[in-house]
Amino acid sequence: MAFHPVFKDQEPGAGGAGWAGAGGTGAPAVDVTGEGAADQYRSIFENAVVGIYQTTVDGRYLRANAALARIYGYQSPSELTSSLTDIARQLYIDPETRSHFAQLMAEHGVVEDFEAQIFRKDGSVIWIKENARCVRDASGAISYFEGTVEDISVRKAAEAKIRQLATVFDGIAEGILIIDPDLTVRAANPAFEAITGHATASLIGKVPALIAPEFHEPGFLAQMLAEAAAQGRWQGEATCLHQRADFFPAWLSLSAVRGPTGAIEHYVLVCTDLTQRKQHEERIRYQANFDSLTGLPNRWLIRDRLDQAIARAQRNDSRVAIAFIDLDRFKQVNDTLGHRAGDQLLTQVARRLRACLRLSDTVGRFGGDEFIVICPDAAERAVGTKIARKILYAFSDPFDVLGQALFVGPSIGIAFFPDDGTSADDLLRNADLAMYNAKVNKPRHFSLYSAEMRRRNDQRLTLENDLQLAIVRHEFVLHYQPCVDLQRGRVVGAESLVRWNHPTLGMISPSVFIGLAEETGLISAIGYWCLRQACTQFRLWRRAGMTLDSVSVNLSPRQFQDPLIVTTVAEILADTGMEPSHLELELTEGAMIGDIDRAVATLENLKGLGVRLAIDDFGTGYSSLAYLKRFPIDSLKIDRSFVRDLEQDNTDVAIVETIIGMARSLGFAVIAEGVETVSQARILVERQCFRFQGYLFSHPLPPDAFEQLLAGGGPQLDLAAYSS
Ligand code: C2E
Ligand code: MG
Ligand code: MG
């Protein structure tokens, strides 16, 4: 406190002229020694910038100067002294303040730097600081208090703000450095210590090494400072030094703080540690680009790498090979051994693929059991074969899945940039198609894409669409091929064979569309129609007096596995009035693999309806000779592939002989399919097979042609002609 007005100890209220324009208030004048001195004091009193007062001990103003009136918001000292008559209650916000003040006075005789909040005349609140002392009479009793008042509101507000800022400074997660223009540190907050590892105390007064020089251009710091000076602030990412001598990524914001003269007083550097954010970004990037199970690039990164490889190949005028790999039987592994087994298999496949290819090749998991390999430097198409061989070799050892040795084969399709497509999408699509081709055309396990493949596939898709409509458009027809019995010398049955009379493509063979119908599920509707049509036709022929023992209808594997097949057959028999014993259903061995017990049960149920059962294309299937005994069947149809080469191939003769012998011992009738020549028939007759189907006797015929054939006495059937 710079200014201590000194008044002579004197009883106030002792009369005399009022001072300081406080005239008319009745306030006592101060008796000073000497007139000149009194004037000086009065002048000081009146013109002082600090408020000056005298009060009674019980809290009434005796005198106040103009400054005090101004501070408290009164027009004049006299207004103040007349209005403020109870300091404790009227002035201080907290009435206790006055008793505290009085207590200090009583104990020490003075009050120094006493701060309090008070009401001004208009009710507003300000902070003041008082310095005061007791004025005592001769006996030592307190006559009055006198003191000075300063308005410290501005300072208080600044202090509050500083306190707030200090809380922020100390509590914020960002590191903050206050730096002098000479770059020495003036202050550092706790976060700065936490982020950089530098103890605050060790920084103050020093020039810190914050930026890691090896990660930045030589003039980086100077540039930061220059920009902060020129534009007020520099912001950017930087690699900073940690006290442990390693680095961390940070976002820095450097502000220049200028004083009233415009000169830079200091810099404020705010440092945000980006380590976690970077790690997080990295993790997200990883998750977005890599498959979590195998650690291989995922579909997105594969696309990206392929785009890059294509761009590079375009510049270098070179080739890229893309291999699409799909595991055979993966679903089976998953279904029978569980997902953990599936995961183990995929991880090992990923490892083997990665190991068998060059580092410059990308191996990725496209999804499920599909993998992609991108070879960016395939000089020629022959490289595709090489890659396929390498991959196949990698699959030649069994995989260890849950302790079991498991052989899993891949199907590989290969496409090349630019030969087979110029966009990543096209190339992936074409490699996929080649893979599909490899899968259905085992046992090569791989195929290189060709335009022909796409054409066939497109055709297939068109066909698939058309097939959907074929039933409602009544485009199917049944042809009938006679089955002859040379011993009896007549046609004993007719096999119904479906044809698709396509509006633009003409007559389409079942070998083209039955597989498609199976895959699309249309087979049940088509099969249903065929069965019903064959029964209806047979009934018509019988009613017309034709002697025909039976009609055969082919059932595809999928139809046979349909849980409703028995009901369906029963329903059609009933609807058409077909005598069950006249219907023969032909099944291939392929239809019965898998769950043999279930197949036997279905066969028995069908048999229970009274129909006859035949095994078609016998000998081509999975050699279920062992099961054959269990099947309640009536006949075996020897596949025409054995019949075809009977004249040239003794092995086939032996096979046919065996089939005939076995069938006979099991009590089955034997029918030879695809008999085209007399000598084939002779060989068969020699081996006691007398039933034939084949072009030698008749092609499959439309119903009316079939009728005519039979009406004309049927094909020429002279057993003697076939006996040697
Ligand atoms: P599949 O049941 O073994 O029928 C015999 C096939 O051999 C028929 O072919 C027939 O035209 C042909 N064929 C008959 N004799 C000879 C011959 O001497 N030499 C030669 N090279 N071939 C002969 P198609 O009609 O093309 O039928 C092919 C296959 O399509 C059938 O083989 C059968 O598996 C299936 N299929 C035909 N119709 C139906 C049907 O209605 N439903 C089902 N599910 N499949 C059918
Ligand atoms: Mg057949
Ligand atoms: Mg057949």
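All values reported here derive from a predicted model rather than from experimental measurement. Counting starts at 1 for both ligands and their atoms, following the listed order.
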If the threshold is 4.0 Å, N to carboxylate O, is there a salt bridge linking R532 and D575? yes

In Å, rounded to the nearest 0.5 Å, how long is the span from CZ of R499 to CD1 of I508? 12.0 Å

Answer yes or no for R499: is there a heavy-atom contact with ligand 1 below 4.0 Å? yes

Whether D639 has an N, O or S atom under 2.8 Å from the Mg ion (ligand 3): no

Going by the angle between their ring planes, with limits at 30° and 60°, are W529 and F476 parallel, tilted or perpendicular? tilted

Has R352 got its NZ or CZ under 6.0 Å from the middle of the six-membered ring of F399, at an angle within 45 degrees of the ring axis? yes

Metal proximity, N554 vs the Mg ion (ligand 2), N/O/S cut-off 2.8 Å: yes

Of all the N, O or S atoms in E586, the one nearest to the Mg ion (ligand 2) is OE1

Is it true that Y449 and F324 have ring centroids separated by less than 6.0 Å? no

Geometry at the Mg ion (ligand 2) - D616 OD2 versus E495 OE2 angle, rounded to 10 degrees: 170°

Any side-chain heavy-atom pair of L467 and W500 under 4.5 Å: yes

For the Mg ion (ligand 3), what is the closest N, O or S atom on D617? OD1

Protein contact to atom 1 (P) of ligand 1 [nearest heavy atom, distance to 0.1 Å]: D616 OD2, 3.7 Å

Tell me, please, if E673 has any N/O/S atom, main chain or side chain, under 2.8 Å from the Mg ion (ligand 2)? no

I'd like to check which ligand 1 atoms, numbered from 1 as shown, lie under 4.0 Å from a non-hydrogen atom of E586. 2 (O)

Please verify whether a non-hydrogen atom of K637 lies at under 4.0 Å from ligand 1. no

Would R682 and E686 pass as an ion pair if we require N to O under 4.0 Å? no

Nearest heavy atom to atom 4 (O) of ligand 1 wins, so pick from D617, L497, D639, T588. L497

Tell me whether R299 forms a cation-pi arrangement with F366, defined as NZ or CZ under 6.0 Å from the six-membered ring centre and within 45 degrees of its axis. yes

Give a yes/no verdict on whether any heavy atom in H479 is under 4.0 Å from an atom of ligand 1. no

When you measure from the heavy atoms of G527 to every atom of ligand 1, does any distance fall below 4.0 Å? no

